[in-house]
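Please read these numbers as outputs of a predicted model, since none were measured by experiment.
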Amino acid sequence: MGLATAALARAVAPSADLWSVGLAAAPAWLAGFVAVGAPGGIGVREAVFVAAATSLPDGQAVAVALVARLAFVAADAAGAALASGARRLSGRGARPDVNLPGT
């Protein structure tokens with residue numbers, strides 16, 4: 001995640017220090033995982049990243065945080081779509097032969 005975030009930072013700010021940006025992603029992700037009231041750590045991860053990415057100006061850090069969130073959501077959606085398609089092609093879709101309790 002740090003490497004992906006650093007690559008995105010380099011696209012937004014070509015002079016970004018890849019090490020510091022990549023390392024800033026780690027506490028941001030950790031904070032997002034442990035934030036109980038925020039689904040997917042939304043908002044928490046971005047705020048921690050902006051605070052930790054000291055090598056970027058605030059505006060660029062916010063842009064990197066938002067673009068990274070969008071990129072990771074898009075990657076998750078693409079993975080889910082591919083997995084769903086693979087499951088359908090393999091014939092392992094819904095199993096009507098399974099008896100559920102109460103049916």
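A donor-acceptor pair under 3.5 Å links the side-chain atoms of Arg10 to the main chain of Ala16, judged by distance alone.
For residues 30-43, no residue pair satisfies the salt bridge (Lys or Arg N to Asp or Glu O under 4.0 Å) rule, not counting sequence neighbours.
Of all heavy-atom pairs spanning Pro27 and Ala52, the tightest one is CG-CB, 4.4 Å. Across all their heavy atoms, Ala38 and Val44 have their closest contact at CB-CG2, 4.0 Å.
Separation of atoms CG (Leu8) and CG (Leu66) is listed at 11.5 Å; rounding is to 0.5 Å.
Linking ILVMFWY side-chain heavy atoms closer than 4.5 Å, directly or via other members, places Phe72 and Phe33 in a single hydrophobic cluster.
Within the 4.5 Å cutoff, no side-chain heavy atoms of Trp29 are placed close to those of Val48. At a threshold of 4.5 Å between non-hydrogen side-chain atoms, the residues Arg69 and Phe49 do not count as touching.
Under the side-chain contact (heavy atoms from CB on, under 4.5 Å) test applied with Val12, the options Leu56, Val62, Val64, Val21 reduce to a single match, Val64.
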